[in-house]
There are 2 protein chains.
Amino acid sequence: MEELGERKEKILNAIIKHYLETGEPVGSRVISKIADLSLSSATIRNEMADLEELGYIIQPHTSAGRVPSDKGYRFYVDHLIETKNQEVAEIKDLMIEKTEKMEKVLKQVVKILANDTQYATMISAPSVRGNRLKFVQLSAVDENQILSVVVMDGNVVKNKIIPVDDALDNETMLKLNMLLNTTLNGLTVSEINLGLITKLKEQAGIHEDIIAQVLNTVAETISDDDLEIYTSGATNIFKYPELSDSQNASELISAFEEKQALKEFIEETQSEDGEDTGIQVYIGNEAPVQTMKDCSVVTATYELGDGMKGTIGIIGPKRMDYEKVMDNLKNLKSQLDNALRGDSDK
Amino acid sequence: MEELGERKEKILNAIIKHYLETGEPVGSRVISKIADLSLSSATIRNEMADLEELGYIIQPHTSAGRVPSDKGYRFYVDHLIETKNQEVAEIKDLMIEKTEKMEKVLKQVVKILANDTQYATMISAPSVRGNRLKFVQLSAVDENQILSVVVMDGNVVKNKIIPVDDALDNETMLKLNMLLNTTLNGLTVSEINLGLITKLKEQAGIHEDIIAQVLNTVAETISDDDLEIYTSGATNIFKYPELSDSQNASELISAFEEKQALKEFIEETQSEDGEDTGIQVYIGNEAPVQTMKDCSVVTATYELGDGMKGTIGIIGPKRMDYEKVMDNLKNLKSQLDNALRGDSDK
DNA sequence: ATTAGCACTCAACCAAAACGAGTGCTAACA
DNA sequence: TGTTAGCACTCGTTTTGGTTGAGTGCTAAT
């Protein structure tokens, strides 16, 4: 399955390239014209028959040209793409100015990417699971409400208003704050175990319910935002006829709205062991989500150290411009790696 | 234009009712059958010819039945709908349990509504413009970062990390907190004028840059989230053939993605003087946004007192079930009015 | 004022025909 | 033995033209 012979490779390459551009089944004549091997259409036909037998291309019907199969695409991205690595896409890095809110950066990134590629895009906020607590603060907003603020590594800030029955005096407040900070500081969420919690509650005395609530906030910080996903350009799907019959389009766009499917996808991506580049390509049925069986998805995982990972994904038709997309992602990935990390230190 | 005569009204009503159900042009025979005025199709035809001349109905082509025009729909919602006021829709109010985050409530509401009506829905978070400051707190996260938290009336919490060059000692921190709280507490954003700012900066002495940043956070609180809009069920559009040709669908769904159009819509809604009920109906071209010229939009404005207003909107085909939708909204509106307000006090 | 009747219109549907891009195969060629 | 020209064949697409039927407007009778 590996060795095709140079000529067959060239032909397969030409077929796919041409199909990527036109989206129409490509016949033997065209190939004999555009490919610079000077062969007649008849010869090409023979080779194409072979390629079809081997499963790399498919004939939609008897009297049509050939179309790449999933296997064909796979071979293309694995062997045939020459990564002209340096013509990096022009994601303006001006955008990543110390926009203090990560949320904003991500929203921008995903928008720019969608605009640049003309495909549908998604990005997941870095998971804070395994992230460390940096700072906890309780403050009395008024007699009946306490504001609890939790800052995690990477400056993820969460807050919650806790209702209380009686006002707490200033001193208790200070004591609680001290207690929380000294006990929890530097811990990851998974390290906050039952023993610690009981100990905390003990020391808090009569205010243990407040402690419970604060811990709750911490827990929410994780579970809640773990699935924060931003999307853009979902409607680009309409640009590709093979995806835009209303059945298909509806399901796809719905998936973008619900984000459930995207979440599954991202979890899959991150569990799978990233290659050297951290870029992965899912063609058709390779996607872990049924909805996307007619698409291809290219994902990249970016990191912020400390195991904080996020995923960028581009969803398009199978005949998407893999080269451009992969270059784009590779480039963006490194920018994100740097920019966000830099931001979180500053 | 006002007086149609009872018979014409009845006929118009029958036409629209029937069209709402079927979505097909309705002919004279059907009307003569279903309407309980016992008239022959021929008579109906005469009346229909009149109605067409008056602009209430339209003939898609010569040998087809009639379809309501925008004017027809307008007349329908204004005069013909009998608001069976009490059969309120069953939005389960269990959902509005003191979910402390308004964001969550809104996301839920919009989802339930979309699901219930099978139309596309949107909801805007209550504008905090004109909202009062309740509490400000600065805390040192570490040597180089200060966390600024601002709580507004209605428990809207905003935060921002402010980078500083040198650590501030505890005492200064306390002083600044005191200063900010005493000066700003209870003010609306518009009340924080230049004079006040200068006074603040003076008193802060060398730390005036921090004050500036905090004020910035306050400003952001308003400008930023003023346009927070949640949507759901955008793909319901595909359920209505007259909207789902890919040109149209693409634009519409895109509008939902971008939210820009929705924002304009909501601004328009809120500026327009709400009737008695606060419910408004935009039919076709009445909509302030060109994209929605083939839709109808029903909006309701809910309030939290203090001029905090938000808007709920339902976007569907012109032949949407106005009755159901308006009932739904009316009901929901009051629930929101109560629930969120109740929440903000608790 | 209402209605039955009738001629007329026109989108929608369907089947047959024409088209043409592309193939597989065979036979000739280098 | 690999390549190519030629040709019959296939089959989706497009075109054409005829039929159908829902619905109308008008007229004449009630």
Side-chain angles (χ1 to χ4, degrees), chain A residues 3-12 14-19 21-69 72 241-242 244-245, chain B residues 3-12 14-19 21-69 72 241-242 244-245:
Chain A
E3 265 313 329
L4 275 181
E6 189 176 356
R7 199 170 71 177
K8 281 197 173 55
E9 274 191 17
K10 268 192 176 158
I11 293 178
L12 180 54
I15 293 176
I16 297 186
K17 274 265 175 60
H18 193 263
Y19 183 72
E21 281 166 24
T22 64
E24 301 277 294
V26 15
S28 51
R29 288 208 30 195
V30 216
I31 296 299
S32 92
K33 289 266 168 64
I34 63 170
D36 48 357
L37 359 102
S38 20
L39 292 174
S40 79
S41 60
T43 316
I44 304 284
R45 273 205 289 286
N46 283 326
E47 296 289 40
M48 278 165 76
D50 290 354
L51 283 171
E52 177 158 22
E53 204 164 321
L54 292 169
Y56 290 98
I57 51 181
I58 284 174
Q59 221 175 355
H61 56 87
T62 336
S63 67
R66 306 302 214 287
V67 159
S69 69
E242 64 264 50
S244 72
D245 68 287
Chain B
E3 263 317 326
L4 275 182
E6 187 176 359
R7 200 169 71 177
K8 282 197 173 52
E9 273 191 18
K10 268 194 175 156
I11 292 178
L12 179 55
I15 294 176
I16 297 186
K17 275 264 174 60
H18 193 263
Y19 183 72
E21 280 167 27
T22 65
E24 301 276 295
V26 14
S28 51
R29 289 216 23 205
V30 214
I31 296 301
S32 92
K33 289 266 170 64
I34 63 169
D36 46 358
L37 359 99
S38 20
L39 291 174
S40 79
S41 61
T43 316
I44 304 283
R45 274 205 288 287
N46 282 327
E47 296 289 40
M48 278 164 81
D50 290 353
L51 282 171
E52 178 158 22
E53 205 162 322
L54 293 169
Y56 291 97
I57 52 181
I58 285 174
Q59 222 175 355
H61 56 86
T62 337
S63 66
R66 306 306 214 287
V67 158
S69 68
E242 64 263 51
S244 71
D245 67 291

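These values consider heavy atoms only, across backbone and side chains, with no hydrogens, waters or symmetry-generated copies. By convention in this document, chain letters (A, B, ...) are assigned in the order of the sequence lines, proteins followed by strands, and residues within each chain are numbered from 1.
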Q.
Give me the atom names and distance for the closest heavy-atom approach of A:S28 to A:S41.
A. CB-O, 3.6 Å
Q. Can you tell me how far CD of B:E47 sits from CD of B:E9, rounded to the nearest 0.5 angstrom?
A. 12.0 Å
Q.
Working to the nearest 0.5 angstrom, can you tell me the gap between B:I16 CD1 and B:E21 CD?
A. 12.5 Å
Q: Work out which heavy atom in B:Y19 is nearest to a heavy atom in B:P25; give both atom names and the distance.
A: CE1-N, 4.0 Å
Q: Would you mind telling me which residue lines up with the more 5' stretch of DNA chain C, A:R29 or B:S63, judged by nearest nucleotide?
A: B:S63
Q) Which residues in residues 43-50 of chain B have at least one heavy atom lying under 4.0 Å from any atom of DNA chain D? A) B:R45, B:M48
(Q) I want to confirm an ordering. Mapping B:T62 and B:S41 to their closest nucleotides on DNA chain C, which one lands closer to the 5' end? (A) B:S41
Q: Check the pair B:L37 / B:T43 against side-chain contact (heavy atoms from CB on, under 4.5 Å), numbers first and verdict last.
A: CA-CA 11 Å; B:L37 359 99; B:T43 316; over 6 Å; no
Q | Inter-residue atom distance B:I57.CD1 - B:I15.CD1, 0.5 Å rounding | A | 4.0 Å
Q.
Could you measure the distance from the CZ atom of A:R66 to the CD1 atom of A:I31? Nearest 0.5 Å is fine.
A. 11.0 Å
Q: Using a heavy-atom cut-off of under 4.0 Å over every strand shown, decide if A:S28 touches base, sugar-phosphate, or nothing.
A: sugar-phosphate
**Q.** Boundaries of the chain B footprint along DNA chain C (any atom under 4.0 Å from a heavy atom)
**A.** C:dT2 to C:dA11
